[in-house]
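Read the structure below first, then the notes.
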Amino acid sequence: MPLHVPPAPAPALRSVLMALGSPTAVREARTPSLRTAQDEATPELPLPLHVLDRITPEGVSATRLAGWRFLIRCGDRAVAAAETRLTPDGWAFSHFFEGPYIASTERALRQAESTTQPYQARLLSVPGLYMLTLWLHGDTDTDGTTGHPAATDLLVPLAPAPPGIAAHRAHRVAELLPVLTLRVTPSAPPPLLGSPA
């Protein structure tokens, strides 16, 4: 299979397993399908979640690792996801959630398995567009925590995608980043020293 899923840090996985084993964490989660699941819930398909903080006018992206996301499977389907984040004490469980990105992630991963070129699966969030993509990174030997989207990497927008961007269609980074550059609202520059805020 050409699709590589990097292993999550062991403490991140342990924190999700502990949360799944905690009746309080599951009961208080805003995930009705997880609370009412009859089958055992198991975390799988850990994906490093990167955030695209900015895109320069030249189309160069600045990304950072924000956490690891696990799909939570009950029976034959994923019903929720769990997210972990890095704290000063190491990897910790953050929250459970559900919604359209769960099925969309599964669909994008199935589509990616049919590619002939090997890729490493990651998630890339574009907060400025409320957009999440499956990032297919060409360097399969990394641990998934570092690196930036290369021009030849693929981005697959997950549904729901922003208006005008087709969900579940693979785009080369070199083609999609210029489009995103035009659509992301630039942040306001900081006020000059001594000027009113």
Worksheet entry | Transitive ILVMFWY cluster of Met18, excluding itself - 4.5 Å side-chain cut-off | none

Listed partners of [X] passing side chain to side chain contact (heavy atoms under 4.5 Å, CB included), at least two apart:
X      : answer
Ser114 : none
Leu45  : Val5, Leu71, Leu109
Val79  : Ser33, Leu34, Cys74, Arg77
Thr84  : Ala12, Ser15, Val16, Trp68, Phe70, Trp91

Under the salt bridge (Lys or Arg N to Asp or Glu O under 4.0 Å) test, residues paired with [X] that sit two or more places apart:
X      : value
Glu106 : Arg73
Arg64  : Asp53
Glu83  : Arg69
Arg122 : none

Pair up each side-chain donor or acceptor in residues 150-161 with any protein partner under 3.5 Å, not counting sequence neighbours, and list the distances.
residue : atom : partner : partner atom : Å
Asp153  : OD1  : Gly138  : N            : 2.9
Asp153  : OD2  : Trp135  : NE1          : 3.0
Asp153  : OD2  : His137  : ND1          : 2.5
Asp153  : OD2  : Ala150  : N            : 3.0

If you take all heavy atoms of [X] and [Y], which pair is closest and at what distance?
X      : Y      : answer
Tyr119 : Arg172 : OH-NH1, 3.8 Å
Leu136 : Ala121 : CD2-CA, 4.4 Å
Ala82  : Phe93  : CB-CE1, 4.1 Å
Gln117 : Thr115 : O-OG1, 3.2 Å
Thr140 : His4   : CG2-CD2, 3.4 Å
Pro6   : Gln120 : CD-CG, 3.8 Å

Worksheet item: Looking at side-chain heavy atoms only, is the closest gap between Glu98 and Pro32 below 4.5 Å?
Response: yes

Practice prompt. Answer whether the closest heavy-atom distance between the side chains of Pro43 and Leu20 falls below 4.5 Å.
Written response: yes

Worksheet item: Residues in side chain to side chain donor-acceptor pair (under 3.5 Å) with Ser104, at least two apart?
Response: His168

Item to complete: Using side chain to side chain donor-acceptor pair (under 3.5 Å) as the criterion, list what pairs up with Glu28, not counting sequence neighbours.
Response: none

Fill in: Polar side chain donor-acceptor pair, Asp143 to Thr145, under 3.5 angstrom
yes

Worksheet item: Near Glu40 CD, under 6.0 Å, is it more than 12 heavy atoms from other residues, nucleotides or ligands?
Response: no

Worksheet entry | Among Leu176, Thr63, Thr133, side-chain contact (heavy atoms from CB on, under 4.5 Å) partner for Pro149 | Thr63

Which distance, rounded to the nearest 0.5 Å, do you find between the [atom1] of [X] and the [atom2] of [Y]?
X      : Y      : atom1 : atom2 : value
Ser94  : Leu49  : OG    : CG    : 10.5 Å
Thr105 : Leu132 : OG1   : CG    : 6.0 Å
Leu52  : Leu124 : CG    : CG    : 5.5 Å

Worksheet item: Val173, Leu65: one ILVMFWY side-chain cluster at the under-4.5 Å cut-off?
Response: no

Practice prompt. Say whether, by atom type as modelled, one donor and one acceptor occur between the side chain of His50 and the main chain of Gly144 under 3.5 angstrom.
Written response: yes

Item to complete: Go through Thr31 and Val26 one step at a time and tell me if the side chain to side chain contact (heavy atoms under 4.5 Å, CB included) criterion holds.
Response: CA-CA 8 Å; Thr31 52; Val26 172; 5.8 Å; no

